[in-house]
Structures are given as C-alpha cells and as structure tokens.
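Below is one structure, written out as structure tokens; the observations come after it.
From a predicted model like this one, the values you see are computed outputs, not experimental measurements. Naming convention: chains lettered A, B, ... in sequence-line order (proteins, then strands); numbering from 1 in each chain.
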Number of protein chains: 2
Amino acid sequence: MKDVIENKLKLRSVKPTAMRLLVLQCLMEQNRALSLNELEALFENADKSTIFRTLKTFQENYLVHRINDGSGAIKYALCDDDCICSLEDNHIHFLCTKCEKTYCLKDTPITTPNLPNGFRANFANYLIEGICSTCT
Amino acid sequence: MKDVIENKLKLRSVKPTAMRLLVLQCLMEQNRALSLNELEALFENADKSTIFRTLKTFQENYLVHRINDGSGAIKYALCDDDCICSLEDNHIHFLCTKCEKTYCLKDTPITTPNLPNGFRANFANYLIEGICSTCT
DNA sequence: CTAAACTTTGCAATGGCATTGCACTCCTTA
DNA sequence: TAAGGAGTGCAATGCCATTGCAAAGTTTAG
Ligand SMILES: [Mn+2]
Ligand SMILES: [Mn+2]
Ligand SMILES: [Zn+2]
Ligand SMILES: [Zn+2]
C-alpha cells in the first residue's frame, strides 16, 4: 500500500515527504474530490498552508487536478497515472447538493462542442449539480 | 431604449428603481458576463452592496444568471426573456484567458451526458477556457 | 564528518470577494 | 399627512486562497 503511494510520487518525480504521503493516501482512499478544509480536518495536527503547498506541488506535477464546483472552496482530486491535465483529460464533475460531495465522473468524458468562429478551447470545467446515487 | 429596459423589469415584476435601470442597461449593452467589481467600476458613484442586492433581486426573478468561471469573482449575465434558469436554459460559458472576458454561448446548448446509475442532474455549469475570437 | 545550500514546514499575516447589520432616505398607501 | 415598507450607503464580518518569514529537516560538497 505504502509502496503504491510512493510509486505514484516517484512516477511524477515528487519527493516523498511525510505530509505528501499522507495527503496522497487520503486522496486515494476517499474516492472523491476534497477541499483544503476537508483535508485539514482529516489530519488534526497538520497546518493548512502545508497542505496547500503540498496540493500545489501535486498539481504542478499532474498528481491532482483542481475542481471548481461553485461551493466556494476548490476541490482536489487524484489524476490518473497518465494524466497531463490536457483538454482530453478533462472530465465531468458532479456535486451532490444534498451531501455536498464532489465526484469525478471519469467514465463520462467531456464532449467539446463546436465553438463559434475564432474561439479556441484549452481547458474545460464541466460541473453538474444534482443528487448522487447514495442520496437518492 | 429606456422602454425596453423598463419592460424587461415589468415582465419579471421587478420595480424599476434608478439603480436597477442602470445595471440592467449596462448588462444589455455589454454583450458579456460582468462581475460585481466590473459593474461597480462602470458607475463611479454607486455602492457595491447596492449593486450586489440589485443583482440578487435580478437573479431571484430570472433576469440574470450567475456564472462561476473560476476567475475568483462571480460573473452575471442577462437571461433570455423566457428563461427560468432550468437545466434546459443552461448554456456553455467561455472565458478568454487573454482578455479575461466571459461570454455566454447561448447558441451552444449543453448536451447533458448519461450519468452513472442513480445520479440525477438539476443544474449544469459548463465553462470552457481558451482564446476568444477578438484575441486570436 | 561537517558546514553550507536547499527544501519543507508552521505560524501569522494579507488580500479579495461575498454577504450582512444598521441607519437613513425615499416611496406608497391608508 | 403619518405610518409602513422598500431601497440604498456605509461599515463591518467571514471565508478562503495565498504569501512572508523563520525554524526544522534534508542533501551535497569539501
Ligand atoms: Mn476529476
Ligand atoms: Mn450565460
Ligand atoms: Zn449525495
Ligand atoms: Zn479574449
């Protein structure tokens, strides 16, 4: 288990510090997107800015992607191993308005529409709000 | 011109105060989504909280919809006259990363994907980032 | 092995934006 | 004409993201 986590870091050339291992493990265990505050709450004695910088490092090295779900706080979720956060890697995110949890719907790829003339797309953030399967 | 604006308000049963007429006119003239700060800057001597409450009233009466474009500030844009801000009224928004302007792509309706079992959609926010036609 | 150089962490600000309390003004109505 | 209600301005407040700085930990050259 710890090996899997360390490998994920090594794969992206990120040095495995204690904090990084913990945060990465957390993100792997929860299969959903977490906010900075949610992550902080899961640890008790870790500083928020350290977690913030951990996530920033992760993000810069394609270990996580950030999700703007309109909840006021940015959510972070694990990237796939081959993710480079390109337009092709973007996928739909779902925010349940009941349990307030945000999920990556990686099996539901984003279909980029035909844009008006002269518009070019680099990144897509497709967020669907509704009721999730456990809250139905 | 002023008639058109007043009619828009009457259509939604919103009393036409001076501020409301001004804000609505502003939103009609710019054909794009504006943030609270952008609107405030366009007026000089209007209070931000008044504009905020004006937009809130507009939003509650389907005169404007709010757009989360990840820029840090919520953007507001005019609704169509028959809009009730339902899932069917949701449309794609485009943020140009060069000029920082956000546009409603009302001609580019959102295709709601098939969600996993048990997930139900109520609202969609589909944001595309890229370069707009005037910045190309 | 040891000291300098670099990285990571913790703590305490800072800054931006949304939102609200309160008093004042303005408008409507009995 | 006075009372009630709606709209406005100003000044807070709160939340979240982000950063400066110094301490602690790690790596590397000598
Ligand atoms: Mn995701
Ligand atoms: Mn729009
Ligand atoms: Zn749920
Ligand atoms: Zn542009």
* Taking everything shown except Asp82(B) itself, do over 12 heavy atoms lie less than 6.0 Å from its CG? ->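 For Asp82(B), atom CG is crowded (more than 12 foreign heavy atoms under 6.0 Å).
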* Asked: Do other residues, nucleotides or ligands put more than 12 heavy atoms under 6.0 Å from the CG atom of Asn117(B)?
  ->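 No, CG of Asn117(B) has 12 or fewer neighbouring heavy atoms, counting only those of other groups under 6.0 Å.
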In whole Å, I'd like the distance from the [atom1] atom of [X] to the [atom2] atom of [N].
X        : N       : atom1 : atom2 : answer
Glu60(A) : dT8(C)  : CD    : P     : 11 Å
Glu40(A) : dT18(D) : CD    : P     : 15 Å
Ile51(B) : dT8(D)  : CD1   : C1'   : 11 Å
Glu44(A) : dG10(C) : CD    : P     : 14 Å

Polar atoms only, N or O, under 3.5 Å: list the protein pairs with nucleotides 21-23 of chain C and their distances.
unit_1: dG21(C); atom_1: O6; unit_2: Arg53(B); atom_2: NH2; d: 3.2

* Do Asp81(A) and Lys8(A) have side chains that get closer than 4.5 Å, going by heavy atoms? -> yes
Using modelled atom types only, decide if a donor and an acceptor are shared between the side chain of [X] and the backbone of [Y] within a distance under 3.5 Å.
X         : Y         : result
Thr102(A) : Ala33(A)  : no
His91(B)  : Asp107(B) : no
Asn90(A)  : Phe123(A) : no

* Asked: Taking DNA chain C as the partner, which of residues 13-30 of chain A come within under 4.0 angstrom of it by heavy atom?
  ->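 Hits under 4.0 Å, by residue number: Lys15(A), Thr17(A), Met19(A), Arg20(A).
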Contact list (N/O, under 3.5 angstrom) for nucleotides 14-18 of chain C vs protein:
unit_1: dC17(C); atom_1: OP2; unit_2: Asn37(B); atom_2: ND2; d: 3.0
unit_1: dA18(C); atom_1: OP1; unit_2: Ile74(B); atom_2: N; d: 2.9

* Sequence neighbours excluded - ring-ring contact (aromatic ring centres under 6.0 Å, His included) pairs with any residue from residues 35-62 of chain A -> none
* Asked: Going hydrophobic residue to hydrophobic residue with side-chain gaps under 4.5 angstrom, can you get from Leu22(A) over to Val4(A)?
  -> yes
* Using ring pair (Phe, Tyr, Trp, His ring centres under 6.0 Å) as the criterion, list what pairs up with Phe94(A), not counting sequence neighbours. => Phe119(B)
* To do: Please identify each residue that fulfils ring pair (Phe, Tyr, Trp, His ring centres under 6.0 Å) with Tyr126(A), with sequence neighbours left out.
  => Tyr126(B)
* Minimum-distance nucleotide to Asp47(B) side chain [options: dT9(C), dC10(D), dG10(C)] ->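 Closest nucleotide among those given: dC10(D).
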* Asked: Does any donor atom in the side chain of Asn37(A) or Ser35(A) lie under 3.5 Å from an acceptor atom in the other side chain?
  -> no
